[in-house]
Amino acid sequence: MEKPGDHATESSETIPHKSNDLENTNHPDESEHQSHNNDQTETATTPESESSQLSLPQVMEAVDDFIQSLSSSTDPLQEIPPAVEPFPETVDSLVSKMESSGLGRDESEDSAFIDAVNRISISVIRLRELNLDSTPVSSWLNRASSVQHRAVSLLDEEFRHLLDRSRENKKKNGDGYNHDHSSNSTHEPDQTGLHENEPKETFPPESIATLKKIAGAMISAGYESECCMSYETSRRHAFKEELSEIGFDGINVEDVQRIPWESLQGEIASWISIVRRCSSVFSPESFLCSTVFPEQDHSPIRKRLFTGLVSAVTIRFLDFSGAVVLTKRSSEKLFKFLDMYETLRDLIPAVEESDSDLIQEIKLSQTRLGEAAVTIFGELENSIKTDIGRTPVPSGAVHPLTRYTMNYLKYACEYKDTLDQVFQHYEKAETDETEPEPERNQREDDEEYKTSAFARQMIRVMELLDANLEVKSGLYRDPSLRSIFLMNNGRYILQKIKGSTEIRDLMGQAWTRKRSTELRQYHKSYQRETWGKVLQCMNQEGLQVNGKISKTALKERFKIFNNMFDEIHKTQSTWIVSDEQMQSELRVSIAALVIPAYRSFFGRYKQHIDSGRHTDKYVKYQPEDIESVIDDLFDGNPASMGRKRT
Amino acid sequence: MRPAQDNQGSFLGRISIRRNQFTDVNTEQEQEDLELFQKHIADRFTELLSPPPPPQPPSDETNTAASVPATEQIMSVTWLRKLMDVFLCCEAEFKAILLMGRDPTQISKPPFDRLVPEMLDRSIKALDICTAVVNGIDSVRHYQRLAEIAVAALEQRPLGDGNVRRAKRALSNLLIALSIEDKENVSGGGRGGGSSAASKGGATIGQLKSSSWAVGRNWSAAKQIHAMTANLAPPRGNEAAGLPLPMFIMSTVTVFVMWVLTAAVPCQERAGLANHLPVPKHLNWAQSLVGIHEKIGDEWKKKEKKGSAGLMEEMTRMEKLGHSLVEFADGFHYPAEKEAAESAAAQVAEMAEICRRMEEELVPLQQQIREVFHRIVRSRAEILEVLEQAGKLSAPVV
């Protein structure tokens, strides 16, 4: 606050001489004193004779009458009534007193002061309107407007001081420096002070009441600009300080381009929390604004001040998101971009009270982020299309591309509502450019078109992945391994989809059923390819020559079986089926197919060779052995042939 | 709507028709496009340097005939808005030349593998300057509001001591704001002025300064401008006839426009802004641009010594009027002397006119600069997209 002395020197040269007389005859403190004690007791003396000894309320009353007469009287005013004549000087002495004590000490004193200022303002405004040509009146008007200016300047200082004090108290609070009642409400121990759901109430009710009074007095004095400027400046400053305390300093486009992604991620995370915190204090800010400027006709002021503040802060946030979106696009950025998109989306309701231009700016920034997300998602498609390696994954295992794509999609699905919005928006923008209205309407009626935009996108990615895996499966020479590869990948995809409610809902049941059917087909074709020949060799046909079992043929059959079975054991135990359930399903189904067949073959024909020597040479496997060999399959273990060694 | 849009539309149309007719890169055609581009640049800047006289009454455009020369003056807010339009026109035309109907691989080969990234880097720097300038215009709007208070107070009749003091308070704040703008920025935003006037209105000014947003710590508009020119050289040899030339021209125009904006309004860190811009004087398209540059550069050098918030014509006049009205206020005794009051009234009217123009044009200027920002962003994205396409096309097929 400014020192009273400064002002005194400035005003001494301009306050008319009369003020000195007045102060001599009627000490301001005394008159103030009287005004409290003598309110009821003292009978009004005639204003004409004893104007200089009137109490403040009496003078005020006289001024009220005077103001009244200004608007009703038809005669041009020639001079100021004697009771009103010294009013400027009365107010001037009140200003002097207020300058030394400050507002906010005593509510009734504040009110009396503001009442006096309001009266002088009204007098000045009315007299100006009358545009009188009388020297005494003009001279009074000059004194009055001079005092008015001094008084309003004081109010302005006080206004700013009160606004700033809450902020300073908060800082002092950190040093345990509480001497003001206003610190009661600034109890937050941490520096951020901005918590979600916790309104940023740093103004005690007394301060608010005083602020409101001052604002009203300034505005009715015609000092609306000064008042708004002080309010705006102080609040902006408060926000800026708050933001810089919680670590949001301006960061420019160029810096954002230079920062490595790892660090930028941190910046983005803190940006998100800051924007969220900030949007939670916009509402209390709006409340403060409407409390300080409560009048009906203050509505444009409220709107302007609140909008100005919110825009200034929000544009800063948008600058950052705009800078981030310019960075080189890559798949890992998708989720951060979507986080930012969501943050901005949630910001909109918080600024709704401000103007539509700002909301447009926010939406534009959202669109940017959305476009970037679409591009990045499109790059996923590209990376699937262009993944055309010539070497098959060993052992028919799940391809890294499948893993990558599915994990990516799983994450993406956590954002499915947002992605749906983004794709919808994007598709709309695209069709707006290319299609005339009627065609589009027609397509929107289409039942299929109603599925979510993101689901369509997902299906596209899945189809691409399928197509790519189909090509990749062609890299395997062994059709059985091709089936295992497709099973592995198909199963992986299916499990991922079943494991995430989001994707499952998105893709729908029909789609999941179709995938399961496909898996069963791969399974069948594997069985056919690998085990068909094995079963065939246990066929009875061709073993009987002239109604008798041919030992030679039988021996040959056992040999073939042993060879085939050994070969399968050798190769397929190096194959991998990583999904345990599928692995056991496979083994069970193979066992169910092979064991009974072998058991019956073995039971029926073993005796025919038993008698000869080298039985072991032909009958290598007991039926019980078959199962343990089958259990070796799909373990991805090249040493499984030697498993018995361990 | 803005003339920029119209020009752009017709020009793009023309180019695309031609390009469609000649699917091969037709060097003759391209040469013609380049010459047209240079001519347009020259024409546009010539018009900015010395606006054509208002059209004669028989002209079918009746609206433009009423244009007042004063508002067209170099660095006036109207002129700055025209400059923004010119930039947008040039940019649209340039992009058409660079991208339309062009084989993407062409701009990824040498020397473009160097020239294009350099250009994109310049555009990133330009974005930050746009932001800083938009912030700077916020400060100008603050000056405008202070000036409006003074105007409103001094328009009161009869003019009394209270009115004059109110005006003086606003004007002192205005003058302090104008004079400390630069120093504050140079020193990094120390609070509170030393003079008695500053301490009087110090709270407002101090707060205003530290509450205006920075584009980043240690960021300097002058350094950015300088960095933008670092590798900016006219193409030589056989490069001079092809695409490198319009790239050089457009970069020069961008740097120049950013330089003008930075000089016009308060802007973070401008020490050394008067440094030479590498604009080749002998080239036809650059003549008027060089002319404007010299005019503004001289002004800047004059102002730089005593420190100035900006060369925007309205601001410099506002400052002059502010000083003179403070003088009037200091010498004021009620009742006002007739002669002094009359001359003050004329100044107040002029100040009011400046405020009115600022009120009308500052926000649109801000919007235009944001539009420039968005345009640069979009063009950059388009160029990157083409480069990516080129990358795919030239990638070895496995």
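Residue numbers begin at 1 in each chain, while the letters A, B, ... track the order of the sequences. The model shown is predicted, which means the values in this text are computed figures rather than measured ones.
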Quick check on the interface: out of [options], who has the most heavy-atom pairs with chain A under 4.5 Å?
options: B/L159, B/V164, B/N163; result: B/N163
options: B/Q156, B/E148, B/Q367; result: B/Q156
options: B/V215, B/D121, B/V134; result: B/V215

Side chain, backbone, both or neither: which part of [X] has a heavy atom under 4.5 Å from chain B?
X: A/L127; value: neither
X: A/E129; value: neither
X: A/A323; value: neither

Taking [X] first and then [Y], would you say they form a salt bridge - that is, a charged N and a carboxylate O separated by under 4.0 Å?
X: B/R370; Y: A/D357; result: no
X: A/K328; Y: B/E388; result: no
X: B/R169; Y: A/E226; result: no

I'd like to know whether [atom1] of [X] has more than 12 heavy-atom contacts from other residues, nucleotides or ligands below 6.0 angstrom.
X: B/E382; atom1: CD; value: yes
X: B/D330; atom1: CG; value: yes
X: B/E337; atom1: CD; value: no

Residue part contacting chain A, namely of [X], when any heavy atom lies under 4.5 Å:
X: B/E385; answer: neither
X: B/R141; answer: neither
X: B/R380; answer: side chain

Would you mind reporting whether A/V253 and B/K125 have side-chain heavy atoms less than 4.5 Å apart?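 Of all side-chain heavy-atom pairs linking A/V253 with B/K125, none is under 4.5 Å.
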
Is the shortest heavy-atom distance from the side chain of B/D161 to the side chain of A/S145 under 4.5 Å?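 No, every pair of side-chain atoms sits at 4.5 Å or beyond.
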
Show the numbers, then the answer: is there a side chain to side chain contact (heavy atoms under 4.5 Å, CB included) between A/M229 and B/I149? CA-CA 11 Å; A/M229 205 178 265; B/I149 293 173; 4.2 Å; yes

Run the side chain to side chain donor-acceptor pair (under 3.5 Å) check on A/S146 and B/R165 step by step: do they pass? CA-CA 8 Å; A/S146 198; B/R165 256 179 252 146; 2.9 Å; yes

Exercise: identify the closest heavy-atom pair between B/G162 and A/N142: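 Closest approach of B/G162 to A/N142: N-OD1, 4.4 Å.
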
At their closest point, which heavy atom of B/H374 faces which heavy atom of A/L364, and how far apart are they?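 Here B/H374 and A/L364 meet closest at NE2-CD2, 3.3 Å.
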
Which of the residues A/T135, A/V124, A/D156, A/T375 is involved in the greatest number of heavy-atom pairs with chain B at under 4.5 angstrom?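 Among A/T135, A/V124, A/D156, A/T375, the one with the most close pairs to chain B is A/D156.
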
Quick check for you: among A/Q148, A/E361, A/R329, which has the greatest number of heavy-atom pairs under 4.5 Å with chain B?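 Most heavy-atom pairs under 4.5 Å with chain B: A/E361.
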
Do the side chain of A/N252 and the main chain of B/W219 share a donor and acceptor less than 3.5 angstrom apart?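 Answer holds: no.
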
Would the distance check show the side chain of B/Y334 and the main-chain N or O of A/R143 forming a donor-acceptor pair, the cut-off being under 3.5 Å?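 No, B/Y334 side chain to A/R143 backbone: no donor-acceptor pair under 3.5 Å.
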
Rounded to the nearest 0.5 Å, how far apart are CD1 of B/I124 and CD of A/Q257?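 It comes to 4.0 Å.
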
Should A/H149 and B/K168 be marked as a side chain to side chain contact (heavy atoms under 4.5 Å, CB included) after you check the CA-CA gap, both sets of side-chain angles, and the distance that decides it? CA-CA 11 Å; A/H149 175 70; B/K168 193 192 160 187; over 6 Å; no

A/L326: which of B/L384, B/L120, B/V377 passes side chain to side chain contact (heavy atoms under 4.5 Å, CB included):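 The passing option is B/V377.
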
Intermediate values then yes/no, side chain to side chain contact (heavy atoms under 4.5 Å, CB included), A/R316 and B/N135: CA-CA 10 Å; A/R316 231 40 53 181; B/N135 292 350; 2.9 Å; yes

